[in-house]
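Beneath this line is the structure, given in C-alpha cells, with notes to follow.
The sequence lines fix the lettering, A, B, ..., with proteins before strands; numbering per chain opens at 1.
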Amino acid sequence: MPRIEGKLQIHNKIQQYRSEKSITQQELADEIGVTRATVVALEKGSYNPSLELAFRLAKFFKTEINELFSVKGSF
Amino acid sequence: MKVFNVIEKYLLYAFPAVLVCVFWSNAVPEKDIQMPLRILWEILAWNLLAWFALLTLFVISLLLVPSVRENFFRRIASIKERDEREEQLVGIVSKRTYISMLSVLVFLFFISAFSFQVRQVPDDQAINGKKKLASISLNLKLFDEARETKSEDGQTIIQSKDIPLTKSSLLLLLILLHLATYRVFFWSETRVA
C-alpha cells in the first residue's frame, strides 16, 4: 500500500449552508440522524464524516459533496 | 431481553432487604426471633435465597449471553453509540482501555511472579566481605495449595470457595484471554461470509 505523508485537511461549508437555511444545529442533527455534538464537531472541523453522512448532508442542503467539502493541501 | 431487565431491577431494589437480613442474622440469633417479627424474618430470608439464586443466574448470563452483558456493561461504562462519530470515539477509547488494561495486567503478573529481596547476613556468611545480599527469584506456581477446611457441622459434600489458581496464573490467564478474545472478535467481524 502506498504511504501517504501528512494528513489531509478537509474543510466544509456546513455552518454556512445551515445559516442560509436558518436552522439550528439540533434541527440539522435531527434531519441527518446524528447528535448535536456531531454537528458541532463537523462545523468546527474536528470530525470528518463518513461518505454516507457526507452524502446525506449534501442531499439535505441540495448540493454536491465537492461543493460542501474541500481538501486543503496536496495529496 | 426483558426477563433480564426484570432480574436486574429486582437485584437492585431488593438489595437493601438483603443487607437488612444479613445484618439482622448477625445481630440476633435466629431462634430468638419471636412472632410477629418472625414473619418478617421469614420473608427476608426467602428474599435472600431468591436474590442469591437470581444473582447467580445473572452473573452466569453476563458471561454467556452477549446481549445481556452488552446491555448491562454499556450502562455501567456509559457507552453511547448514537451516531457514527460516537461509534468512532468508542472504538478509540476501547483500544486505549484495552491496551492500558493489558499493560496493567502484565505489570501485575510481573510483580506477582518475581520476588526481589535485599537482606543483611551475619559476618560469618559474608561473601567477599559484603554483608548485604540481593536476590531475585521466580515464583510461578499455577495452582493454589489445597487448603484443608474442617466443617463444624457435618461433612461437606459440595463447596465452592475461591478459585484454585495462584495470582500469577490468574493474571496470566487474563492476559491470554484478553489477547485471544481480541483475535476471535476481530476474526468474527472481518471474516467473509
Side-chain angles (χ1 to χ4, degrees), chain A residues 1-4 6-19 21 23-73, chain B residues 1-9 12 61-62 65-104 106 175 178-193:
Chain A
M1 213 161 75
R3 198 182 171 89
I4 298 167
K7 204 177 175 186
L8 289 176
Q9 277 200 317
I10 298 169
H11 290 258
N12 67 66
K13 295 177 188 167
I14 295 170
Q15 193 170 13
Q16 182 193 322
Y17 272 83
R18 186 174 60 78
S19 302
K21 268 200 162 227
I23 56 165
T24 63
Q25 288 175 329
Q26 185 61 60
E27 283 166 340
L28 174 62
D30 294 339
E31 286 292 335
I32 57 171
V34 295
T35 60
R36 197 182 80 88
T38 298
V39 173
V40 173
L42 284 167
E43 289 186 353
K44 273 168 66 185
S46 58
Y47 173 66
N48 290 327
S50 67
L51 203 52
E52 188 191 329
L53 182 57
F55 270 110
R56 259 190 278 157
L57 279 160
K59 192 182 173 193
F60 176 73
F61 290 122
K62 295 186 178 71
T63 184
E64 298 296 322
I65 282 189
N66 56 1
E67 169 55 28
L68 201 57
F69 295 94
S70 57
V71 178
K72 291 276 164 77
Chain B
M1 279 190 278
K2 242 179 180 174
V3 67
F4 285 104
N5 287 340
V6 176
I7 292 174
E8 236 182 88
K9 283 195 173 68
L12 182 70
S61 18
L62 277 183
V65 187
S67 61
V68 175
R69 71 164 168 253
E70 200 163 316
N71 189 26
F72 181 72
F73 287 118
R74 255 175 201 279
R75 273 180 290 136
I76 295 284
S78 305
I79 296 173
K80 287 176 187 164
E81 288 177 296
R82 293 169 295 183
D83 61 23
E84 59 173 49
R85 183 180 135 272
E86 287 187 346
E87 278 174 13
Q88 199 186 76
L89 287 172
V90 167
I92 294 165
V93 174
S94 301
K95 187 182 81 178
R96 284 185 190 161
T97 310
Y98 174 81
I99 290 171
S100 60
M101 283 310 294
L102 207 51
S103 63
V104 169
V106 169
I175 292 166
H178 247 65
L179 295 168
T181 45
Y182 177 80
R183 282 178 182 273
V184 169
F185 288 137
F186 189 85
W187 172 78
S188 69
E189 287 294 322
T190 52
R191 76 190 160 133
V192 182

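For A37(A), the parts sitting under 4.5 Å from any heavy atom of chain B are the backbone and the side chain alike.
The environment of K80(B) atom NZ is sparse: at most 12 non-hydrogen atoms of other residues, nucleotides or ligands sit within 6.0 angstrom. Other residues, nucleotides and ligands place more than 12 heavy atoms under 6.0 Å from the OH atom of Y98(B). Residue R75(B) qualifies as enclosed at atom CZ: its count of foreign heavy atoms under 6.0 Å is above 12.
Between D83(B) and T35(A), the closest heavy-atom pair is OD2-N, 2.8 Å.
Residues E84(B) and L53(A) have side chains in contact (heavy-atom distance under 4.5 Å, counting atoms from C-beta outward).
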